[in-house]
Amino acid sequence: MEQGVSNPGVISLAAGLVDQDSLPVDEVAQACARLMAHPALARELLQYGATPGYAPLRDLLARRLAEMDGLAPGENDLCGDRVLIGAGSQQLLYLVGEVLLDPGDVVLADAPTYFVYMGALESMDARIVPVDADDDGLVPESLEVRLDEIQRRGELDRVKFIYVVSYFNNPTGMTLSADRRKQVVEIAKRWSRASRIHVVEDAAYRELSYFGDPPPSMLRFDPDASTVLYAGTFSKPFAPGVRTGYLVAPRDLVGALVRQKGHHDFGSANLTQGLVLEVLESGAYDRHLARLRTIYGEKLRLTLNTLQDALSPLDPQVEWTRPTGGLYVWVRTPAGVSTGMDGPFFRDCLDEGVLYVPGEFCYPPGVEGAPTNFLRLSFGLADARRCREGLNRFCRVLARCAGAS
Ligand SMILES: Cc1ncc(COP(=O)(O)O)c(C=O)c1O
């Protein structure tokens with residue numbers, strides 16, 4: 001894999017990185033210049049900040065989220081003092097695990113799911129229990145079945161949260177439907193008997209929607225604001241290099257999360273928080289996002305069209321998702337074509353000069369019967385020309401292997 005990544009002849013449809021050419025260089029240069037033109041503000045931002053984050057940014061994020069969710073200001077207690085800023089949403093998701101989990105505790109997660117976070121949870125000795133998902137995201141009935149099984153084992157008190165990548169999931173690209181959002185929150189509340197079961201909504205790709213607005217977040221369905229933790233990020237819709245993400249948490253968890261954050265770093269970079277606030281307030285962020293949506297929307301269309309043209313003769317042996325946002329498409333290969341890194345299909349793709357993420361990484365470890373014939377393609381990093389070329393290479397290999405299987 002490393003060889004593949006360092007070889008410029010290899011096109012990576014594996015990396016979850018964002019589009020290189022559209023990174024907001026001018027927007028950031030101008031915002032920095034504006035900030036540094038005000039010495040008092042510049043000095044404030046160059047000083048240590050507050051551990052939970054820069055207060056004006058926390059307030060603005062609460063207002064923006066409320067608007068996106070169709071909530072009145074302050075409705076469902078969506079206020080700035082429930083917002084924490086972190087070094088990317090990854091840090092905040094990690095903190096959530098640290099605060100909520102003891103070794104051996106259970107996290108329910110839609111499968112397949114974001115493999116990096118599974119690694120973090122594993123490092124805390126959490127047990128990850130997979131919940132079925134389909135084109136509308138996590139299946140509520142499957143969630144109830146899993147909870148019932150856990151209760152029968154007498155372990156309900158070990159279930160601490162349900163982790164859901166709720167918009168344009170990494171890796172499948174699918175979004176949790178509005179009806180199911182409500183059901184998932186209700187199920188979490190109803191099963192909060194021995195101890196509270198939270199819902200951790202990872203909304204990393206929410207703003208990367210290319211064909212219309214996705215449903216409101218699960219914060220909308222949590223009127224007493226006790227259940228849902230919502231993680232957002234500026235990595236995907238702006239620039240990962242600013243390393244700025246945010247978390248909305250129930251009020252009674254904020255203190256513990258802030259204390260834990262203090263142990264890590266006593267606050268994320270004040271300067272980049274000031275920068276993010278500046279691009280939000282000036283409108284540069286929204287203008288950039290509109291441009292990104294066009295660029296990614298075209299790359300998504302190109303990806304789906306290329307797959308359709310090349311792979312439809314292999315239908316139904318080969319299937320793939322048709323997302324309307326995010327960075328990923330999830331492909332099912334024929335049962336005989338294993339996508340693992342040790343298999344011939346992965347090696348053939350590498351020989352042809354294209355990389356993907358084997359699907360087996362996206363299932364919790366130790367899951368019996370986890371399928372071996374899925375993979376993730378990303379159209380994020382490569383420009384349109386390389387994306388098309390990479391997909392053509394991939395489809396050639398797949399057609400060859402599917403014919404032989
Ligand atoms: C689903 C999901 N959540 C969270 C993250 C973390 O992103 P960041 O720490 O850059 O905000 C990623 C990054 O790829 C992701 O795919």
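Counting starts at 1 for both ligands and their atoms, in listed order.
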Could you check Leu277, Ile85, Val248 and say which one makes a side-chain contact (heavy atoms from CB on, under 4.5 Å) with Arg58?
Ile85
So, the side chain of Tyr48 versus the backbone of Asn270: is there a donor-acceptor pair under 3.5 Å, distance only?
no
Which residue and non-hydrogen atom of the protein lie closest to atom 5 (C) of ligand 1, and at what distance in Å?
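Nearest neighbour among protein heavy atoms for atom 5 (C) of ligand 1, to 0.1 Å: Tyr114 OH, 3.3 Å.
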Look at atom 7 (O) of ligand 1 and say which protein heavy atom is nearest, naming residue and atom and giving the distance to 0.1 Å.
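Protein heavy atom with the smallest distance to atom 7 (O) of ligand 1: Ser89 OG, 3.5 Å.
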So if I count the atoms of ligand 1 from 1 in the order they appear, which ones are less than 4.0 Å from some heavy atom of Arg243?
8 (P), 9 (O), 10 (O)
Within the 4.0 Å heavy-atom shell around Ser235, which atoms of ligand 1 are there?
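Counting atoms of ligand 1 from 1, those under 4.0 Å from Ser235 are 8 (P), 10 (O), 11 (O).
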Give the contacting part of Lys236 toward ligand 1: side chain, backbone, both or neither, where contact means a heavy-atom distance below 4.0 Å.
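Just the side chain.
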Heavy atoms only, cut-off 4.0 Å: how does Tyr205 contact ligand 1, side chain, backbone, both, or neither?
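The side chain, only.
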Return yes or no for this condition: an N or O of Thr233 is under 3.5 Å from an N or O of ligand 1.
yes
Please say whether more than 12 non-hydrogen atoms of neighbouring residues, nucleotides or ligands are located less than 6.0 Å from [atom1] in [X].
X	atom1	answer
Arg259	CZ	no
Glu67	CD	no
Arg34	CZ	yes

Could you check which of Asp202, Thr244, Asn170 puts a non-hydrogen atom nearest to atom 2 (C) of ligand 1?
Asp202
Can you confirm if the NZ or CZ of Arg220 lies within 45° of the ring axis of Tyr230 and under 6.0 Å from the centre of its six-membered ring?
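Geometry flag: not set, cation outside 6.0 Å or 45°.
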